[in-house]
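Letters A, B, ... mirror the listed sequences (proteins, then strands); counts begin at 1. For the numbers below, each heavy atom of this structure counts, side chains included, while hydrogens, waters and symmetry mates do not.
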Protein chains: 2
Amino acid sequence: METPSLPAPKGTRQALILAGIRLFGRQGFTATSVRQLANEADANIAAIAYHFGGKDGLRVACAEEFGRRMGAAMGARPVGPDASPDGARDELRAIIRAMVALLSGAEGASELVPFMLRELAEDGPGIDIVYRGFAEPMHRKLCDLWARATGTEAEDETVKLAVFTLIGQLMYFRIGQSIVSRRMGWADVGPAEIQKITDRIICNLDAMLAAEKGK
Amino acid sequence: METPSLPAPKGTRQALILAGIRLFGRQGFTATSVRQLANEADANIAAIAYHFGGKDGLRVACAEEFGRRMGAAMGARPVGPDASPDGARDELRAIIRAMVALLSGAEGASELVPFMLRELAEDGPGIDIVYRGFAEPMHRKLCDLWARATGTEAEDETVKLAVFTLIGQLMYFRIGQSIVSRRMGWADVGPAEIQKITDRIICNLDAMLAAEKGK
DNA sequence: GTCTATAAACAGATAGAC
DNA sequence: GTCTATCTGTTTATAGAC
């Protein structure tokens, strides 16, 4: 990474990064060979060593590209100007809706999700970039909204934990997808299933907020 | 698997299975070599092919051992005889407490957890056994308790989803441990942290149950 | 059942022509 | 910057002695 801004790579370099995000996400890092990567990118095997110094270098470049795209996607979502508790609650609901759809692969960025989950499961070097570029800012934003919705402090320990339980609900429907689908009798997770998941989590959110206010 | 009951393997065979659960869980399947496995089990490399037909066979045997142990652990926990809503709620709380402690590695079966999570992340062949031997019966039991606590039907779609959101909260504190610890400023997840996580999830459970009753 | 030795395929990295 | 060919090490599996 030369500059921390957005120098989107081109040509072979870019193709290899995309192949990496796709294949590392699908099969994991170790299970993916450099030959597979070169083939997927329509590039030469030696190009990986040339552009990234090796397979590990490509992995880091993939994580950086992930951070770049996720940062762009988050920047695109305007911050709700409504500072009232109800406005904050509505924005929390909207983010839940968007995240369930994103995790379930409904939106375009579907290849980024498996990559991130693999990096998380394998505790790879990309996790730092994923954390700083996506997980931490998103969590911070949710804490801010939660605090505004409940009238508490955003950096309180209990608020942070509450937000993690919210995120956990979202994430598990993706990570444990094979278990969930089997138990629910779902052939796949389509729009109807996404709707049901979203409804349930928003219902939980409302219950949690109500309990918080009742204190 | 010769019989579906509990023929716990002995000697080299058993040692290799334990090594598999440990190393597959720590490093993942592909990243673990048969040499490492044999070394960890103080066995010969050829023993893996002899006893299990190959590395893949060992993986399946590990999953079967996982199912055997988890089944035994679940059978050990007596079913609460209290059929009242409050009794069911108390048992839900107790299970949450036990599962957070288990996932965080406080109890003895800590090696089984990483194995299961790896198998889930890699979508390996062990997932079938994990599902039937652990995930499905546990989810069914929680649905039953939830139904008793709220006065609804255990096999309702909404009940199943509610239970999954509960499980998701637990699971994420393990799967996303590196992210959680970083954001919370935790050096590691000890008894104090387990307590905070448990308190938060039980608080959410109570809020969800209260909202359900208020309908 | 357990071992040594080895086979056969595969990995990632690189030298050097273009 | 891209390619072919190859090097070096490691992988899993197996043959055959004990």
Side-chain angles (χ1 to χ4, degrees), chain A residues 1-3 7-65 115 118-119 122-126, chain B residues 1-3 7-65 115 118-119 122-126:
Chain A
M1 183 170 75
E2 299 83 21
T3 63
K10 305 277 180 190
T12 301
R13 191 184 164 87
Q14 172 76 343
L16 281 169
I17 291 175
L18 295 183
I21 290 177
R22 197 170 304 132
L23 294 182
F24 290 153
R26 249 186 255 163
Q27 313 172 341
F29 179 76
T30 336
T32 303
S33 72
V34 290
R35 285 169 174 84
Q36 259 185 304
L37 289 162
N39 188 57
E40 177 85 15
D42 275 314
N44 192 274
I45 316 152
I48 293 168
Y50 177 79
H51 283 286
F52 308 100
K55 198 187 173 189
D56 292 281
L58 175 57
R59 184 188 212 170
V60 174
C62 288
E64 281 165 358
E65 178 68 14
F115 175 79
R118 284 279 181 185
E119 212 61 23
E122 295 171 4
D123 204 30
Chain B
M1 183 170 74
E2 301 82 21
T3 62
K10 305 275 179 193
T12 301
R13 192 185 163 85
Q14 172 77 341
L16 281 169
I17 290 174
L18 295 183
I21 290 176
R22 197 171 305 131
L23 294 182
F24 290 154
R26 250 186 255 164
Q27 313 172 341
F29 178 76
T30 338
T32 303
S33 73
V34 290
R35 281 166 227 279
Q36 262 185 303
L37 290 162
N39 188 57
E40 177 85 14
D42 274 314
N44 192 273
I45 316 152
I48 292 168
Y50 176 79
H51 284 286
F52 309 100
K55 199 186 171 188
D56 292 282
L58 175 56
R59 184 188 212 169
V60 174
C62 289
E64 282 165 359
E65 178 69 13
F115 176 80
R118 283 281 183 186
E119 212 62 22
E122 294 172 4
D123 203 30

For this session: Would you classify A/Thr30 as touching base, sugar-phosphate or nothing, given that sugar-phosphate means primed atoms plus P, OP1 and OP2, and contacts are heavy atoms under 4.0 Å?
Result: nothing
Exercise. Where do B/Gly28 and B/Glu122 come nearest, in terms of heavy atoms and distance?
Worked result: CA-OE2, 3.2 Å
Exercise. Start at the 5' end of DNA chain C and walk down; is the nucleotide closest to A/Phe29 or to B/Tyr50 reached first?
Worked result: B/Tyr50
Seminar exercise, completed: In the 5' to 3' direction, the nucleotides of DNA chain D bounding the stretch that comes under 4.0 Å of a heavy atom in chain A are D/dG1 to D/dT4
Exercise. Taking the nucleotide of DNA chain C with the closest heavy atom to each, which residue, A/Gly54 or B/His51, is nearer the 5' end?
Worked result: B/His51
Problem set entry | Interatomic distance, A/Ile45 CD1 vs C/dG12 C1' [rounded to whole Å] | 10 Å
Exercise. Once you round to the nearest 0.5 Å, how far does OG1 of A/Thr32 lie from CD of A/Gln27?
Worked result: 4.0 Å
For this session: Dot-bracket for DNA chain C, please, read 5' to 3', with Watson-Crick or G-U wobble pairs under 3.5 Å on both distances, ( ) within the strand, [ ] crossing, | other strand, . unpaired.
Result: ||||||||||.|||||||
For this session: In whole angstrom, give the distance that lies between atom CG of A/Leu37 and atom C1' of C/dG12.
Result: 11 Å
Problem set entry | Closest contact, heavy atoms only, B/Gly20 versus B/Phe115 | O-CD1, 4.4 Å
Exercise. Where is the tightest heavy-atom contact between A/Leu58 and A/Phe52, given as atom of each residue plus distance?
Worked result: N-CB, 3.5 Å
Exercise. In whole angstroms, how far is the P atom of C/dA11 from the CG atom of A/Leu23?
Worked result: 13 Å
Exercise. Closest heavy-atom contact between B/Gly126 and B/Ala63?
Worked result: CA-CB, 3.5 Å
For this session: Starting at atom CZ of A/Arg35, determine the distance to atom P of C/dT14, rounded to an integer number of angstrom.
Result: 14 Å
For this session: Would you classify A/Ala49 as touching base, sugar-phosphate or nothing, given that sugar-phosphate means primed atoms plus P, OP1 and OP2, and contacts are heavy atoms under 4.0 Å?
Result: base
For this session: Starting at CD1 of A/Ile21, measure out to CD of A/Glu119 and round the result to the nearest 0.5 Å.
Result: 10.5 Å
Exercise. For A/Asn39 and C/dA11, what is the distance between atoms CG and P respectively, to the nearest whole Å?
Worked result: 12 Å
Problem set entry | Gap between atom CD1 of A/Ile17 and atom CZ of A/Arg59 - 0.5 Å precision | 15.0 Å
Exercise. Where is the tightest heavy-atom contact between A/Ala47 and A/Thr12, given as atom of each residue plus distance?
Worked result: CB-CG2, 4.2 Å
Problem set entry | Separation of A/Leu18 CG from A/Leu23 CG (nearest 0.5 Å) | 10.5 Å
